[in-house]
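Here's the structure, in structure tokens; my notes come after.
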Amino acid sequence: MHTPEQSQLGKVSAYADQYDPSLLFPLPREPKRREIGITGSVPFMGADMWTAFELSWLNLRGKPQVAIAHITVPADSTHIVESKSFKLYLNSFNNSRFDNADAVRDAIRRDVSAAVWHGGPVQTTVGVRVLEPVMFDVEHIQPLEGLLLDRLDVECSVYQPDPGLLHSAQGEQPVTEMLVSHLLKSNCLVTGQPDWGSVQISYTGPQIDQAGLLQYIVSFRNHNEFHEQCVERIYMDIMARCKPTRLSVYARYTRRGGLDINPWRTSHPQLPPGNVRTARQ
């Protein structure tokens with residue numbers, strides 16, 4: 001079984017500029033999910049939405065092409081792809097010739113789908129959009145919608161995830177709220193390098209204490225875990241402690257190495273949030 005320590009994270013890596021799908025390094029979701037009480041089928045839906053800002057290849061005449069790619073990995077896949085390996089894989093397109101952007105899109109869809117279902121049949125293919133420069137004007141910047149928790153003047157002293165900070169008004173009338181914070185920070189599971197993000201929490205149920213929720217988000221500050229794992233931990237802790245009837249957790253992390261990862265988990269079927277980057281991305 002692949003482990004994070006076996007990946008290229010924190011290691012000197014050779015630059016491969018010829019197309020090589022073997023560079024993708026899948027990591028199983030199951031061990032980290034087991035840590036937060038998930039066994040068997042997952043209790044949520046959603047996806048991991050990647051944006052690749054440094055995608056390039058050669059056309060059939062050897063002329064470089066550039067594009068932005070949006071890759072959507074279903075949350076029920078058995079594996080994630082370690083992000084440095086994803087960048088090395090995308091770099092391998094740089095001196096490889098493809099007929100057109102559609103051929104690049106098809107290669108990414110095929111290769112990443114195989115990686116996230118590593119060792120098993122592909123049950124759901126990943127979604128891939130390749131935007132060439134004529135489409136760059138559709139890539140807008142906009143803030144996450146919701147009431148800003150960061151307005152609260154709270155004291156923060158806990159910097160490892162503490163679900164005990166979460167409280168809700170059990171027994172009172174349920175509410176529907178969308179709350180946002182830009183104070184999410186965690187660290188890479190392997191290298192310890194900082195990962196900065198914004199998080200949007202939408203729910204229906206007993207009203208969640210906003211001060212405690214903000215302190216809980218801040219408590220991830222010194223926590224070492226991948227983006228996808230942090231969002232699933234937040235989702236499971238809120239569901240267990242606050243008992244909403246409906247819940248969605250969506251985080252947008254700043255890019256590193258030309259890639260950003262934006263996990264989204266939801267309790268109920270709905271359209272995914274728009275993959276629109278924030279000002280910090």
Side-chain angles (χ1 to χ4, degrees), residues 1-13 24-39 42 44 46-51 73 75 77-89 115-116 118 149-150 154 156-166 181-201 212-241 249-265 278 280-281:
M1 181 176 69
H2 286 182
T3 65
E5 294 74 21
Q6 295 170 324
S7 74
Q8 289 296 314
L9 277 172
K11 301 171 186 174
V12 176
S13 303
L24 291 168
F25 192 87
L27 291 169
R29 295 188 190 267
E30 189 272 337
K32 275 292 180 180
R33 285 180 169 173
R34 196 181 334 117
E35 282 186 16
I36 56 176
I38 299 175
T39 57
V42 293
F44 44 67
D48 305 322
M49 294 176 280
W50 297 63
T51 312
V73 178
S77 65
T78 56
H79 289 66
I80 62 174
V81 175
E82 184 276 307
S83 60
K84 183 177 179 180
S85 80
F86 210 144
K87 178 169 178 58
L88 294 172
Y89 162 72
V116 301
H118 181 63
L149 291 171
D150 307 346
V154 299
C156 299
S157 59
V158 178
Y159 303 111
Q160 289 291 343
D162 182 1
L165 295 166
L166 294 168
S181 174
H182 303 300
L183 303 187
L184 178 62
K185 174 194 170 289
S186 53
N187 303 316
C188 173
L189 179 63
V190 176
T191 66
Q193 293 298 304
D195 294 320
W196 306 93
S198 299
V199 60
Q200 179 190 70
I201 296 164
L213 178 59
L214 180 58
Q215 291 170 321
Y216 170 75
I217 292 168
V218 170
S219 76
F220 278 75
R221 194 166 183 83
N222 292 339
H223 181 60
N224 293 354
E225 216 166 33
F226 293 140
H227 303 6
E228 302 93 332
Q229 298 160 352
C230 286
V231 168
E232 292 184 0
R233 186 178 294 274
I234 293 169
Y235 178 97
M236 294 296 288
D237 283 347
I238 293 175
M239 189 61 79
R241 295 282 304 183
V249 178
Y250 177 38
R252 295 201 64 90
Y253 281 88
T254 59
R255 75 181 80 165
R256 192 194 295 175
L259 289 170
D260 64 38
I261 309 171
N262 310 290
W264 167 62
R265 301 293 182 268
T278 64
R280 291 199 297 166
Q281 294 182 298

Determine whether a donor-acceptor pair (N or O, by modelled atom type, separation under 3.5 Å) exists between the side chain of [X] and the backbone of [Y].
X: Ser85; Y: Phe25; value: yes
X: Asp260; Y: Thr51; value: yes
X: Gln160; Y: Asn222; value: yes
X: Arg256; Y: Pro194; value: yes

Is any side-chain heavy atom of [Y] closer than 4.5 Å to one of [X]?
X: Cys156; Y: Val158; answer: no
X: Val218; Y: Gln215; answer: no
X: Lys32; Y: Leu189; answer: yes
X: Leu27; Y: Val81; answer: no
X: Tyr159; Y: Ser219; answer: no
X: Glu232; Y: Pro263; answer: no
X: Leu213; Y: Leu149; answer: yes
X: Ile80; Y: Arg29; answer: yes

>> For His227 and Trp50: C-alpha separation, side-chain torsions, deciding distance, then whether side chain to side chain contact (heavy atoms under 4.5 Å, CB included) applies.
In response: CA-CA 11 Å; His227 303 6; Trp50 297 63; over 6 Å; no
Looking at [X] and [Y], what are the two nearest heavy atoms and their distance?
X: Pro26; Y: Ala115; result: CB-O, 3.3 Å
X: Met236; Y: Ile38; result: CE-CG1, 3.7 Å
X: Gly257; Y: Lys87; result: O-CD, 3.0 Å
X: Ser181; Y: Asp150; result: OG-OD1, 2.7 Å
X: Asn187; Y: Arg221; result: ND2-O, 3.6 Å
X: Ser83; Y: Leu259; result: O-CD1, 3.6 Å

Answer yes when [X] and [Y] have at least one side-chain N-carboxylate O distance shorter than 4.0 Å, and no when they do not.
X: Arg33; Y: Glu30; answer: no
X: Glu35; Y: Arg233; answer: yes
X: Arg241; Y: Asp162; answer: no
X: Arg255; Y: Asp195; answer: no

Out of curiosity, [X] [atom1] to [Y] [atom2], how far, rounded to the nearest 0.5 Å?
X: Asn262; Y: Asp48; atom1: CG; atom2: CG; value: 9.0 Å
X: Asn224; Y: Gln229; atom1: CG; atom2: CD; value: 11.0 Å
X: Leu88; Y: Glu82; atom1: CG; atom2: CD; value: 8.0 Å
X: Gln200; Y: His182; atom1: CD; atom2: NE2; value: 10.5 Å
X: Ile234; Y: Ile217; atom1: CD1; atom2: CD1; value: 6.5 Å
X: Ser77; Y: Glu228; atom1: OG; atom2: CD; value: 9.0 Å

>> I'd like to know whether Tyr216 forms a side chain to side chain contact (heavy atoms under 4.5 Å, CB included) with Asp237, so could you lay out the CA-CA distance, the side-chain angles of the two residues, the decisive distance to 0.1 Å, and finally the verdict.
In response: CA-CA 10 Å; Tyr216 170 75; Asp237 283 347; 2.7 Å; yes
> Going through the checks in order, is the side chain to side chain contact (heavy atoms under 4.5 Å, CB included) test met by Leu214 and Leu183?
Replying inline: CA-CA 8 Å; Leu214 180 58; Leu183 303 187; 4.1 Å; yes
>> I'd like to know whether Glu225 forms a side chain to side chain contact (heavy atoms under 4.5 Å, CB included) with Ser186, so could you lay out the CA-CA distance, the side-chain angles of the two residues, the decisive distance to 0.1 Å, and finally the verdict.
In response: CA-CA 7 Å; Glu225 216 166 33; Ser186 53; 5.8 Å; no
> Is the centre of the Trp196 ring less than 6.0 Å from the centre of the Tyr253 ring?
Replying inline: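 Not under 6.0 Å, so no.
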> Do the rings of His79 and His118 sit parallel, tilted or perpendicular, given the 30° and 60° boundaries?
Replying inline: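 Judged by the thresholds at 30° and 60°, the geometry between His79 and His118 is perpendicular.
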>> Testing the 3.5 Å rule here: is there a donor-acceptor pair between the side chains of Arg280 and Ser198?
In response: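 Looking only at side-chain atoms, Ser198 and Arg280 do form a donor-acceptor pair, the distance falling under 3.5 Å.
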